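Inspection log for the structure reproduced underneath, given as structure tokens.
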Amino acid sequence: MIAIRADLLDFTAAPRWGDTGDGGHSGHGGEPAVRWRPDHWLLVDAQGRIAGVQPGAVEPGPAYARDDQRGRLLLPGFIDTHVHSPQIEVIASFGTELLDWLQRYTFPAERAWADPAVAAAGSARFLDALLAHGTTAAVVFPTVHKGSAEALFQAAQQRGMRLVAGKVLMDRHAPDGLRDDDLAQAERDCVDLIERWHGRGRNAYAVTVRFAPTSTPAQLAMAGALCRADASLYLQTHVAENRVEVQWVQRLFPAARSYLDVYAQAGLLHPRSVLAHGIWLDEADLGTLRDSGAQIAFCPSSNLFLGSGLMDWPQRQAAGVAVSVGSDVGGGTSLSLPRTLADGYKVQALAGHRLTAWTALHAATRGAADALKLAHEIGSLDAGCLADVCLWDWSRDAVGERRLAVAQDLHEKLFAWMTLADAGHLAATYVAGRRLYTRADR
Ligand code: GUN
Ligand code: ZN
């Protein structure tokens with residue numbers, strides 16, 4: 001049993017859009033949504049669950065090993081709802097938009113993961129990198145190869161991390177070595193992986209359609225049948241990221257009303273669906289999304305880097321569509337969710353909106369957990385949740401130190417922290433109460 005002393009911040013509900021008050025009041029009844037407990041102990045039981053919180057002046061009992069991190073910020077571990085494990089190797093690749101980027105950089109890198117040794121080493125490297133950025137849970141695309149999902153689940157199990165993933169489905173418009181051989185083999189691979197990994201440890205399976213252009217209608221139908229057969233499965237895919245991509249989908253699926261409608265027709269939209277990007281959607285699409293309960297993973301770093309477009313967050317929120325946050329590495333340029341949220345602020349600013357630190361940090365923690373139906377386990381410092389937490393320095397240099405020193409209220413302080421923090425601010429990451437990452441200089 002351990003007790004960690006720090007400044008604790010988490011959320012009890014979704015803050016209202018635009019609210020920068022200390023409480024970041026929720027839309028429901030105006031209750032405070034932000035839970036700020038400066039200088040408190042977080043108590044963790046022997047099973048790695050949060051047992052409670054108490055003021056710093058109240059010493060924990062002798063059964064607790066004390067980890068005194070006074071003066072640091074402790075948050076729930078970040079939840080990255082869209083990221084690609086093999087794409088660390090193509091992060092920061094020059095000069096292309098989505099479709100050329102896939103052909104020139106991404107597909108060649110993913111081909112190497114056919115080798116189980118490459119997939120095993122790469123999965124370990126990837127998950128350790130998430131932890132080194134304060135991310136303790138993720139919704140992940142590996143590659144089309146069954147062994148890439150196997151390796152990822154195994155590496156997550158070894159670390160005790162919460163992971164949602166599945167083998168990528170692709171049976172057309174992809175190079176040799178990156179396509180499913182046939183429908184039956186792809187389905188067998190999925191069924192096999194579901195039996196082995198769905199609900200084992202902290203792993204869950206996501207039926208993983210890369211995007212509409214790389215699956216035949218038959219493969220999309222197979223994916224829909226898997227979802228219908230087991231409502232506890234997740235679904236992940238990309239939608240409406242890039243305008244040329246959207247036009248291509250229109251040509252490939254002339255009978256569909258829209259890109260999103262291709263997925264709706266195939267039975268891929270449900271409360272456990274995570275759709276990356278969702279930039280180029282119309283009002284009817286937003287209604288479809290709301291009715292299905294599917295969420296959008298907003299990936300601002302990727303959207304800026306690949307020049308994809310500006311997703312309108314408040315429009316989605318007003319339509320009743322849940323929005324979480326994805327790094328989308330390697331389209332995105334950092335695994336850090338604070339970096340991603342800082343980009344999110346800028347994307348919203350370009351679209352004429354103001355993203356508060358409350359809405360941003362909530363979406364990357366409790367909001368994502370809620371949308372994934374995992375709020376009983378992750379996303380907050382509620383008693384009973386697993387102690388997946390990340391511990392941060394408030395500042396690392398003279399600029400950050402001065403900026404935080406002059407901040408007038410809690411939102412100003414957290415907004416400045418979120419905008420300036422990078423992986424170097426992270427002091428430690430804990431998964432189920434075990435410290436799995438410690439910054440080297442500590
Ligand atoms: N659309 C289909 N595949 C991908 C991918 O790997 N990254 C991004 N950003 N978009 C995609
Ligand atoms: Zn992606």
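Counting begins at 1 with the first residue of the sequence. Atoms within each ligand, like the ligands themselves, are counted from 1 in listed order. Since this is a predicted model, take the numbers as computed values, not measurements.
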Donor on one side chain, acceptor on other, [X] and [Y], under 3.5 Å:
X	Y	result
Glu150	Trp197	yes
Thr237	Tyr263	yes
Gln219	Glu187	no
Asp285	Ser258	yes

Q. To the nearest 0.1 Å, how far is atom 9 (N) of ligand 1 from its closest protein heavy atom, and which atom is that?
A. Asp328 OD2, 2.7 Å
(Q) Just to be sure I read this right, does ligand 1 sit under 4.0 Å from the backbone of Glu241, its side chain, both, or neither, counting only heavy atoms? (A) side chain
**Q.** Structural part of Thr214 in contact with ligand 1, heavy atom criterion under 4.0 angstrom
**A.** neither
Do [X] and ligand 1 have an N or O pair less than 3.5 Å apart?
X	answer
Trp101	no
Gln87	yes
Glu110	no
Arg210	yes

Would you say the Zn ion (ligand 2) has [X] as a near neighbour, meaning an N/O/S atom of that residue under 2.8 Å away?
X	value
His238	yes
Asp328	yes
His277	no

**Q.** Atom indices of ligand 1 within 4.0 angstrom of Leu98 heavy atoms, with elements
**A.** 1 (N), 8 (C), 10 (N), 11 (C)
Q. Going by the order shown, which atoms of ligand 1 are within less than 4.0 Å of some heavy atom of His277?
A. 9 (N)
Q | Crowding at CZ, Arg403 (>12 non-hydrogen neighbours, <6.0 Å) | A | yes
Q.
Run Asp422 and Ser336 through side-chain hydrogen bond (donor to acceptor under 3.5 Å, both in side chains) and show every step you take.
A. CA-CA 7 Å; Asp422 61 23; Ser336 162; over 6 Å; no
Q: Indicate yes or no for a side-chain donor-acceptor contact from Asp171 to the backbone of Thr216 under 3.5 Å, with no hydrogens or angles considered.
A: yes
Q: State whether the side chain of Gln348 and the backbone N or O of Met311 hold a donor-acceptor pair below 3.5 Å, judged by distance alone.
A: yes
(Q) For the residue pair Arg316 and Trp313, would you count it as a cation-pi contact if the rule is NZ or CZ under 6.0 angstrom from the ring centre and within 45 degrees of the ring axis? (A) no
Q.
Given the Zn ion (ligand 2) as the apex, I'd like the angle to NE2 of His84 and NE2 of His82, rounded to 10 degrees.
A. 100°
